[in-house]
Amino acid sequence: MSRPLGITVSRHILDNQHLHPTATGDLSGLLIELIVAAKTINAEVNMAGLADILGMSGKTNIQGEMVQKLDDLANNTIKRRMARCGYICIMTSEEEEGVIPVVPGYEGKYTLAFDPLDGSSNIDVNVSIGTIFSIHRRRTQDGPGAISDLLLPGREQVAAGYIIYGSSTMLVFATGQGVQGFTLDPSVGEFYLSHPDIRIPEKSKYFSVNEGNTLYWEENMRRYVDYLKEEDKATDRPYSGRYIGSLVADFHRNLISGGIFLYPKDRKDPGKPGGKLRLLYEAAPLAFIVEEAGGRAITGDGREIRDVAPESLHQRVPLIIGSRHDVDMAEAFLLGRR
Ligand code: P6P
């Protein structure tokens with residue numbers, strides 16, 4: 001029996017490119033190159049349990065965290081492929097302190113910020129992990145990109161997405177026309193459109209937060225989580241807790257089923273007063289996606305994530321993201337309005 005004719009991600013990208021008469025095909029080409037890198041990473045992640053690439057590489061990254069071999073591999077896979085794709089002029093990665101130049105002569109009009117393998121501490125316990133990417137249009141005119149081409153607010157993103165390496169491997173991205181989800185058919189190595197026009201439920205009954213940090217939170221944050229745990233059938237309370245500790249996995253579940261994820265600022269680590277998660281390649285791309293799906297993403301101190309102007313490549317930011325009603329409610333508590 002012949003397989004149903006699925007829409008491949010390349011077909012979807014090219015079909016949608018035609019919706020933009022001024023499109024040059026550069027963004028399409030960039031996305032298609034990035035997807036090739038993702039397939040390579042997927043193959044290695046799936047092999048990790050079998051090959052001797054589990055465990056530490058013995059190196060530490062910019063964040064001072066022990067780098068796992070798969071982190072290295074994912075980072076290098078994306079870097080090498082995108083450095084000569086011809087569509088970007090500069091990159092930044094969670095794994096590298098400074099900017100990453102592209103091969104001279106291959107400069108393009110976009111920039112790329114990425115977290116090659118977020119949640120990598122979960123690799124050895126077979127928990128879903130993910131790659132996150134954010135694409136901006138450069139502001140400088142030509143030649144090698146500048147760091148200023150990367151330090152742009154999330155509001156200006158032209159595309160963002162993630163690949164989640166889980167029970168199945170999915171690619172989820174947005175380019176301004178809603179959020180599309182594709183599932184990898186490993187037997188043919190193709191991503192097929194499986195979740196067209198994803199919308200996050202307006203309200204949920206799930207919250208994702210590391211309650212081990214409760215004693216480090218501000219009082220308003222504690223009050224909000226206590227509120228979620230009270231019983232009130234009319235408002236679906238108590239909410240259910242769901243926390244995987246892998247941002248892409250927690251975000252993806254909330255995007256599909258509804259929910260709110262919170263990583264607020266806390267007093268746990270004096271080195272991280274502004275939260276743990278990074279703005280450029282974690283919070284901003286996920287904020288783009290969640291807003292395209294009808295949700296909301298805030299810092300909790302009155303700002304939308306996508307309005308935060310980055311001051312440094314690895315800047316951290318508090319992140320409250322998910323179903324719009326729930327984020328609105330959390331913000332009311334965090335700003336002391338409830
Ligand atoms: P905690 C994984 O290390 C990560 O960067 C994110 O993927 C995840 O959301 C967060 O940290 C988990 O942090 O402090 O709860 O272990």
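Only this structure's heavy atoms are used, side chains among them; waters, hydrogens and symmetry mates stay out. Predicted, not measured: the structure shown is a model, and the values here were computed from it.
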Tell me, yes or no, whether the heavy-atom count around [X] atom [atom1], taken from other residues, nucleotides or ligands under 6.0 Å, exceeds 12.
X	atom1	answer
Arg223	CZ	yes
Glu219	CD	yes
Ile256	CD1	yes
Glu218	CD	no
Glu97	CD	no
Asn126	CG	no
Lys265	NZ	no
Tyr227	OH	yes

Discussion item. For Ser323 and Tyr206, which I'm curious about, is there any donor-acceptor pair between the side chains at under 3.5 Å?
Written reply: no

Practice prompt. Would you kindly say whether Ser28 and Gln17 are connected by a side-chain donor-acceptor distance under 3.5 Å?
Written response: yes

Just wondering, do [Y] and [X] contact through their side chains at under 4.5 Å, heavy atoms?
X	Y	result
Ile320	Phe261	no
Phe173	Ile289	no
Leu70	Glu44	yes
Thr214	Tyr216	no
Val172	Val179	yes
Met91	Glu96	no
Ile41	Ile78	yes
Leu319	Thr299	no

Strictly below 4.0 Å, N to O, side chains only: are [X] and [Y] in salt-bridge contact?
X	Y	result
Glu156	Arg139	yes
Asp226	Arg222	no
Lys79	Glu95	no
Arg253	Asp250	yes
Glu211	Lys229	yes
Asp236	Lys203	yes
Arg237	Asp232	yes
Arg278	Glu94	yes
Arg306	Glu291	yes

Worksheet item: Among pairs that include at least one residue of residues 5-36, which meet ring-ring contact (aromatic ring centres under 6.0 Å, His included), considering only residues two or more places apart or in two chains?
Response: His12-Phe182

For [X] and [Y], work out which heavy atoms get closest and say how close.
X	Y	value
Cys89	Thr111	SG-CG2, 3.9 Å
Leu262	Ala330	CD2-CB, 4.4 Å
Gly258	Ile200	CA-CG1, 4.3 Å

Item to complete: Please test Asp301 against Arg303 for salt bridge (charged side-chain N to carboxylate O under 4.0 Å, His left out), starting from the C-alpha separation and ending with a verdict.
Response: CA-CA 6 Å; Asp301 56 17; Arg303 296 173 295 167; 2.9 Å; yes

Side chain [X], main chain [Y], donor-acceptor under 3.5 Å:
X	Y	result
Asp118	Asp115	no
Tyr239	Ser204	yes
Asp307	Pro153	no
Asn75	Asp72	no

Item to complete: Supply the atom-to-atom distance Ile260 CD1 to Arg324 CZ, rounded to the nearest 0.5 angstrom.
Response: 12.0 Å

Worksheet item: Does the gap between the ring centers of Tyr162 and His252 come in under 6.0 Å?
Response: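 Yes - the distance between ring centres of Tyr162 and His252 falls below the 6.0 Å cut-off.
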
Discussion item. Ring centres under 6.0 Å, that's the criterion: do Phe333 and Tyr224 meet it?
Written reply: yes

Worksheet entry | Aromatic Phe207 / basic Arg242 pairing, under 6.0 angstrom, 45° off normal | no

Practice prompt. Find out whether the Lys NZ or Arg CZ of Arg138 is both under 6.0 angstrom from the six-membered ring centre of Tyr110 and within 45° of the ring's axis.
Written response: no

Item to complete: With side-chain contact (heavy atoms from CB on, under 4.5 Å) as the test, would you mind laying out the steps for Val9 and Ile13 before giving the verdict?
Response: CA-CA 6 Å; Val9 64; Ile13 289 171; 3.9 Å; yes

Worksheet item: So which of Thr175, Asn16, Asp197 actually passes side chain to side chain donor-acceptor pair (under 3.5 Å) with Gln180?
Response: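 The single option meeting the side chain to side chain donor-acceptor pair (under 3.5 Å) with Gln180 is Asp197.
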
